[in-house]
Amino acid sequence: QVQLEESGGGLVQAGGSLRLSCAASGRTFSNNAMGWFRQAPGKEREFVAAISRNGGSTYYADSVKGRFTISRDNAKNTVYLQMNSLKPEDTAVYYCAAARTAWGNSVSSNYDYWGQGTQVTVSS
């Protein structure tokens with residue numbers, strides 16, 4: 001069992017930056033690929049970024065490529081999402097997720113554990 005807790009969300013002006021963190025419990029964190037998803041009001045949850053279990057491979061949605069960076073520290077059982085050049089359309093609840101696979105991917109149903117989410121609001 002893996003428990004995930006996100007932090008770092010908040011209110012930021014367009015063009016600003018935020019760093020989200022996701023702390024995982026358990027001793028199997030390094031066995032899990034990790035992903036970030038988001039859900040805006042009235043919209044379906046969408047993929048943002050994923051990282052392999054050893055951190056060597058990353059994958060991004062086109063909408064955030066070049067602005068967001070996913071990383072992980074397996075010694076701290078934590079995955080991060082650095083978000084730069086934020087836009088109002090990035091406003092959403094951001095969720096981290098863990099998959100019992102080596103490689104991350106964009107399909108939410110492939111993830112086994114989910115956090116409760118953290119709100120990110122970008123004002124124009």
Side-chain angles (χ1 to χ4, degrees):
Q1 190 77 5
V2 176
Q3 292 184 323
L4 304 172
E5 183 173 3
E6 303 93 339
S7 61
L11 173 64
V12 63
Q13 289 188 332
S17 297
L18 282 174
R19 188 175 83 154
L20 305 183
S21 299
C22 174
S25 66
R27 292 176 288 179
T28 61
F29 177 76
S30 61
N31 292 339
N32 299 113
M34 299 295 296
W36 285 96
F37 291 77
R38 67 186 181 186
Q39 188 167 18
K43 295 187 177 182
E44 293 186 353
R45 189 172 298 187
E46 65 173 0
F47 169 74
V48 175
I51 189 166
S52 61
R53 63 185 181 187
N54 67 357
S57 295
T58 57
Y59 178 44
Y60 297 93
D62 288 343
S63 58
V64 306
K65 202 171 295 183
R67 299 188 298 122
F68 291 12
T69 302
I70 188 171
S71 62
R72 65 189 296 161
D73 185 338
N74 285 348
K76 295 183 178 180
N77 281 11
T78 302
V79 63
Y80 305 97
L81 185 68
Q82 177 67 44
M83 306 185 295
N84 299 328
S85 303
L86 283 160
K87 305 175 181 180
E89 52 264 42
D90 295 317
T91 295
V93 177
Y94 283 71
Y95 299 89
C96 73
R100 290 177 292 186
T101 60
W103 307 101
N105 62 81
S106 64
V107 180
S108 61
S109 60
N110 288 338
Y111 289 81
D112 302 287
Y113 307 102
W114 292 83
Q116 293 299 308
T118 186
Q119 176 71 47
V120 171
T121 303
V122 184
S123 64
S124 58

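The structure presented is a predicted model; accordingly, all values stated were derived computationally and were not measured.
A cation-pi contact, defined as under 6.0 Å to the ring centre and within 45° of the axis, is absent between Arg38 and Tyr95. With a 6.0 Å cutoff to the six-membered ring centre and a 45° limit on the axis angle, Arg19 counts as a cation-pi contact of Tyr80. By the 6.0 Å and 45° rule, Arg53 does not stack over the aromatic ring of Phe29.
Smallest separation of non-hydrogen atoms from Ser124 and Ala14: CA-CB, 4.4 Å.
Rounding to the nearest 0.5 angstrom, the gap separating the OG atom in Ser108 from the CZ atom in Arg45 is 7.0 Å.
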task: Please lay out, stage by stage, how Asp62 and Lys65 fare under the test salt bridge (Lys or Arg N to Asp or Glu O under 4.0 Å).
output: CA-CA 5 Å; Asp62 288 343; Lys65 202 171 295 183; 3.1 Å; yes
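Neither Trp114 nor Trp36 shares a network with the other; the hydrophobic side chains, linked directly or stepwise wherever heavy atoms of I, L, V, M, F, W or Y lie under 4.5 Å apart, form separate groups for each.
Aromatic ring pairs are classed by plane angle as parallel below 30°, tilted from 30° to 60° and perpendicular above 60°; the pair Phe37 and Phe47 is perpendicular.
Remark: of the listed residues Ile51, Asn54, Thr78, Asn77, Ile51 is the sole one forming a side-chain contact (heavy atoms from CB on, under 4.5 Å) with Arg72. Tested against Leu81 for a side-chain contact (heavy atoms from CB on, under 4.5 Å), the candidates Val64, Thr118, Thr69, Leu20 yield a single pass: Leu20.
Within a 6.0 Å radius of CD in Gln119, more than 12 heavy atoms belonging to other residues, nucleotides or ligands are found.
Looking only at atom types and distance, the side chain of Asn84 has a donor-acceptor partner in the side chain of Ser17 under 3.5 Å away.
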